[in-house]
Amino acid sequence: MALLKADHIHVYYGSIHAVKGVSFEVNEGEVVTLIGANGAGKSTVLNTVSGLLHPRSGSIEFEGKDLKGMPPHKIVEHGLAQCPEGRRIFLQMTVEDNLEMGAFTQPGSTIAGGIADVYKRFPRLEERRRQVAGTLSGGEQQMLAMGRALMSRPKLLMLDEPSMGLAPILVEQIFDIIRELHKAGTTILLVEQNAQAALSVADRAYVLETGTVSLSGTGAELMASDKVREAYLGG
Amino acid sequence: MSFLSNVISGISLGSIYAIIALGYTMVYGIAKMLNFAHGDVIMVGAYVCFFAVSAYNLPPVIGVLLAVALCTALGMLIERMAYKPLRQAPSLAVLITAIGVSYFLQNAALLWWGSDPKKFPAFIVVGEQNGVSLFGGQLRITYVAIVTVVACVAIMAGLIAFTGKTKMGKAMRACSEDKGAAQLMGINVNATISMTFAIGSALAAIAGVLMCSAYDTLLPTTGSMPGIKAFTAAVFGGIGSIPGAFLGGLLLGVIQIFTQAYLSQELADAIVFAVLIVVLLVKPTGLLGKQIQEKV
Ligand SMILES: Nc1ncnc2c1ncn2[C@@H]1O[C@H](COP(=O)(O)OP(=O)(O)OP(=O)(O)O)[C@@H](O)[C@H]1O
Ligand SMILES: [Mg+2]
C-alpha cells in the first residue's frame, strides 16, 4: 500500500484551475520527485497535501486514511511535514525557537533530543543557535527550514524547491543531505526546478505540465527520456 | 510638589492606557486586525465588577475575577462569531465589523444597564484610607494608583515572559510572522488567535476595574475614549510591540496630564493626538516598532 496516494485531484484558486486531475503515489522509503516548469502546479499539489488548500474533487490518502477536511495542524500530527517554498522560517525568532516550533506536535520530553539530531546533521545551525533566523545566510536558512521540518519526525517529508536561490556548492550539499535522509529511511516527496539533480536522487519521478502529469517513471527512465532532456535538462 | 503629583497622575493614567494598549497590541500582532471593540470590553468588565460588588455584595476580589472570566469568554465569543468568518476577507471588512461590534456592545449595555451613570465603589482601600499622604499632606498617592502601576508592570513582564519563553507564546509569535508556515508546523492557528483574544480581553477587564476605581463614573460609553487613546498609545509605541505598548501608554498618560495641567484642559486631547501625528511623521513605525507593518 502506498504511504501517500493522490487520486485525480483538482485544485482551483477561485476560477483558476491550477491542478487538473493529478494522481501520484509515494511508497514508504522512496524519494519521489515532482518536476516541472514555473507555474506547473507543483507547490499547489504540496499545499493541497498539507491541507492549506482543498481539492475540489479527487482524494488524498495517507496510510490509507482519507485526508479530506483535515485541518493542516492535524495533518502534521499524522506525520506529514512540509518544508515550504521560499523557506518561510520565522525570521524574527532564534534558530532554536524555529526548531522548537517544528516540534510543536511532539511531546516536550523529545524536543531536546530532536534538536540535538538536527544539530548533528547541520552543525552550522548549532553555532548559530541563539541567532535570530533573519540574520542567517540563504544556505543556513534552507538548512534551518529542513531541520525544522524534520523536528516533527515525519513519516513523509515534503520539500518544495530546497535548492532555490543557492550557489552550486550549496545545492550539492542540500542534495547530499537528501541522499543521507533517504539512506536513513526517510520517505521524501521532492519538488524541484533543478530536474537533473532531482532525478539523480529520485527513485521515481512525475513531470507536471500546466496542472497535469505528462510523464512518470523511475528517475533513470526520465533522465533518459528525450522529452525530459529537451524540456528540463537543457537538451 | 504639584509637578510631582502630576507626574504620578500621569504615570497612573498612563498605566491604565498601557494595560489596554497591551491587549490591543497582542491582538493586532497575532490576528493582524484592529479590534475596535476592545474598549467596550473594558466597559463590560467594569460593569460586571460593579454589579458583583455593589448589587450582589460579593467581595471585590471575586468581582474582579468574575469580570476577568466573563470578559475572557466575551472576547473569545466575539472573535468566534464576528471575526473568524472574515479570516479571508479584506481588512476593511474586518475593521467595519469591529466598529459594529463596538456599537453593539455599547447599545447592549445601554439596554441592560441603563444610561444613568453608576458610581463605581472605591474598594482599593486600607482601613478607611484610599491612599497615603507624603510631605505633610502636600503629595497624595492613592492606593489605586499604586496598584495600577504595579499591575501594569507585572502584566508587561508576564507577557514578555509568556511570548518569549513558553511554547504557546512562541507559537503566537510564529502565527504573527507567517500563519501558513505556522500551520505547517502543526500549530492550530484558529486556537492561537482565540487565545490571543482571551488574553487581550482579560487585560481589558483588569483595565476596566482599575480605570473605574480611579475615575469612578461608569457609563456604557466609558470604554470608548480610553480604548481609542490606548490604540493611539499602541501605535505610538509601535503596534505589535509589547514594550512599545507599555512605553506608549505611559507617555500618553503623562503627556495628557501635563497638557491638562499646564496648557489647556479643553485642548488636551487635541494636543495628545498632535504629538502622535508628529511622532508618526518622524518614525512611521512608532517608537519601538520594528519593520514597516501593514498599513491600516
Ligand atoms: N494564490 C494564488 N492565487 C491565484 N493563482 C495562483 C495562486 N498560487 C498559484 N497560482 C497559480 O496556480 C498555478 C500553479 O502555481 P504553483 O505555485 O503551484 O506553481 P509551481 O509549479 O510551484 O511553480 P514554481 O516552480 O514557480 O514554484 C500558476 O498558474 C499560478 O499562477
Ligand atoms: Mg512552486
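Chain naming here is simple, since letters A, B, ... match the order of the sequence lines and numbering starts at 1 in each.
Residue contact with chain B, scored on non-hydrogen atoms closer than 4.5 Å, involves the side chain of A:Glu100 exclusively. In this structure, chain B has heavy atoms under 4.5 Å from both the backbone and the side chain of A:Leu91.
Heavy-atom pairs under 4.5 Å with chain B were tallied for A:Met101, A:Gln82, A:Arg148; the largest tally goes to A:Met101. For the set B:Gly180, B:Gly164, B:Ala181, the entry with the most heavy-atom pairs within less than 4.5 Å of chain A is B:Ala181.
Residue A:Glu28 qualifies as open at atom CD: its count of foreign heavy atoms under 6.0 Å is 12 or below. For A:Arg179, the CZ atom is densely surrounded, since the number of other residues' heavy atoms within 6.0 Å is greater than 12. Summarising the local packing, CZ of B:Phe273 is surrounded by more than 12 heavy atoms from other residues, nucleotides or ligands at distances under 6.0 Å. For A:Lys68, the NZ atom sits in a loose shell: 12 or fewer heavy atoms of surrounding residues, nucleotides or ligands are nearer than 6.0 Å.
Residue A:Gln92 comes nearest to B:Glu177 through the heavy atom pair N-OE2, 2.7 Å, listed as atom of the first residue, atom of the second, then distance.
Heavy-atom neighbours of chain A within the stretch residues 184-204 of chain B, taken at a separation under 4.5 angstrom, comprise B:Leu184, B:Met185, B:Gly186, B:Ile187, B:Asn188. Scanning residues 47-61 of chain A against chain B with a 4.5 Å non-hydrogen threshold yields A:Ser50, A:Leu52, sorted by number.
Between the NZ atom of B:Lys167 and the CD atom of A:Gln106 there is a distance of 8.5 Å, given to the nearest 0.5 Å.
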